[in-house]
Amino acid sequence: MVYRNFLATALLALALAPVACGGNKPDPKTTDDLEADAKANQPPPEPKCDSLDDMCTAKADTVAAVKSATLEFKPPEKWKYAVLESHSFMHASKEPNAAVLAIGSYTPDKDAKKNDAARDAAFADLLKALGATLPKNYKVAWKKPENPIEANDIKMGVWVAPGGEREVLKDKKGSVMIVHAPVDATHNLIAVGFVLDDDVKGQEAVQAVLTSIKAGGDAKDDGKSDGDKK
């Protein structure tokens, strides 16, 4: 009899325990908790494409900008690119022998000496960005383009300096491609590329970029295209 009474009392206590304790319901989430959960479930942010550490991968519809000159261009599909403040940089891959190209600008000056100084400084900066050097005794004949081309109403002077070098290439030499063009009263385009002589695809890709350059402010400052970048 005592056993039955004890068992009944124990069962009743167990039955009432969840009610007395509120059923161990979790505390309601605060606004901060909800915001933290929302952030945790968000996809990672898209790259800004504005630094060499945050380069984007170009797609077929990618249109990128040259911020310093209000220009836009189409980087080759699958190439990595970045839209920096002073120039735009792109390469076929991180491999040392990959084709590479940088597009920048400078402000022209009516004074010939000041203009030449600004041009030479911009040219030196792009060579440095590529880690490239011209072959010894080679000088760019700025007034006599070797291979002038015209694309989208921009007349470009083009020079090719064979036997150039890059810091990342110890035993191979390639061609340094130099491009110069007046854009408007306050901008002159200047670009430098480096391609190995046997890299036909790289040469064609660089040429395609050059012929895609056009003036316009429609290109987004971050260099993003209509599609995903990575």
Side-chain angles (χ1 to χ4, degrees), residues 52 55 58 64 66 68-69 71 73-84 86-106 108 112-152 154-183 187-213:
L52 297 180
M55 298 180 73
V66 181
S68 61
L71 295 169
F73 65 95
K74 295 187 69 174
E77 187 175 2
K78 297 183 180 180
W79 277 39
K80 297 287 187 179
Y81 73 96
V83 177
L84 311 178
S86 60
H87 65 276
S88 290
F89 179 92
M90 68 210 80
H91 59 203
S93 73
K94 291 184 178 180
E95 295 297 324
N97 60 347
V100 61
L101 176 66
I103 307 173
S105 71
Y106 68 94
K113 290 184 178 180
K114 292 181 179 180
N115 183 78
D116 292 351
R119 179 200 63 212
D120 293 346
F123 180 45
D125 287 343
L126 293 184
L127 284 172
K128 184 177 179 180
L130 269 59
T133 55
L134 295 172
K136 292 182 179 180
N137 301 321
Y138 183 90
K139 291 184 178 180
V140 184
W142 295 107
K143 294 183 179 180
K144 296 181 179 180
E146 297 173 358
N147 302 288
I149 61 175
E150 183 172 353
N152 302 310
I154 299 177
K155 296 181 179 180
M156 307 178 190
V158 181
W159 299 260
V160 178
E165 299 179 354
R166 284 192 74 197
E167 294 174 355
V168 293
L169 286 172
K170 296 181 178 179
D171 302 323
K172 289 186 177 181
K173 295 185 178 182
S175 295
V176 179
M177 301 180 66
I178 305 147
V179 181
H180 178 270
V183 178
H187 300 96
N188 276 9
L189 174 149
I190 190 161
V192 178
F194 185 95
V195 187
L196 293 180
D197 295 334
D198 59 355
D199 185 2
V200 177
K201 289 185 177 180
Q203 295 169 12
E204 292 176 346
V206 169
Q207 292 174 358
V209 175
L210 298 178
T211 56
S212 76
I213 297 174

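Heads up: numbering here begins at 1 and tracks the sequence.
For CD of E167, the number of neighbouring non-hydrogen atoms (other residues, nucleotides, ligands) closer than 6.0 Å is 12 at most.
Taken to the nearest 0.5 Å, the CG atom of D125 stands 7.5 Å off from the NZ atom of K128. Atoms CD1 and CD1, on I149 and I213 in that order, are 8.0 Å from each other to the nearest 0.5 Å. The structure places CD of Q207 at 7.0 Å from CD of E204, a figure rounded to the nearest 0.5 Å. Between K173 atom NZ and T133 atom OG1 the span is 8.5 Å, to the nearest 0.5 Å. Atom CD in E146 sits 10.5 Å away from atom CE in M177 (nearest 0.5 Å). Atoms CD1 and CE, from I190 and M156 in turn, are 12.5 Å apart once rounded to the nearest 0.5 Å.
When all heavy atoms of G174 and F194 are compared, the closest pair comes out as N-CZ, 3.5 Å. Across A191 and L101, no two heavy atoms sit closer than the pair CB-CD1, 4.5 Å. Considering every non-hydrogen atom in both L134 and A161, the closest pair reads CD2-CB, 4.2 Å. Residues I154 and A181 share a closest heavy-atom pair of CG2-CB, 3.7 Å. Of all heavy-atom pairs spanning P96 and R166, the tightest one is O-NH1, 3.7 Å. The minimum heavy-atom distance linking V192 with V176 is given by the pair CG1-CG1, 3.9 Å.
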| said: Checking L189 against V179 for the side-chain contact (heavy atoms from CB on, under 4.5 Å) test, could you report, in this order, the C-alpha distance in whole Å, the side-chain angles of both residues, the deciding distance, and whether it holds? | reply: CA-CA 8 Å; L189 174 149; V179 181; 3.9 Å; yes
| Passes side-chain contact (heavy atoms from CB on, under 4.5 Å), V195 versus V206? Steps please. | CA-CA 9 Å; V195 187; V206 169; 3.9 Å; yes
| query | What's the verdict on side-chain contact (heavy atoms from CB on, under 4.5 Å) for V209 and W79, showing C-alpha distance, side-chain angles and the deciding distance? | reply | CA-CA 11 Å; V209 175; W79 277 39; 5.6 Å; no
| said: Run the side-chain contact (heavy atoms from CB on, under 4.5 Å) test on N152 and F73 for me, step by step, so that the C-alpha distance in whole Å, both residues' side-chain angles and the decisive distance to 0.1 Å come before the verdict. | reply: CA-CA 11 Å; N152 302 310; F73 65 95; over 6 Å; no
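Panel note: side chain Q203, backbone L196; a donor-acceptor pair is recorded below 3.5 Å. A donor-acceptor contact shorter than 3.5 Å links the side chain of S105 to the backbone of S68. W159 places a side-chain N or O within 3.5 Å of a backbone atom of K144 that can act as its donor or acceptor partner. N115 contributes no side-chain N or O that, together with a main-chain N or O of P108, makes up a donor-acceptor pair within less than 3.5 Å. Although no hydrogens or angles enter the test, the distance criterion places no donor-acceptor pair under 3.5 Å between the side chain of R119 and the main chain of Y106.
Checked options V83, L130, L126, I103; the residue passing with F89 is L130 (criterion: side-chain contact (heavy atoms from CB on, under 4.5 Å)).
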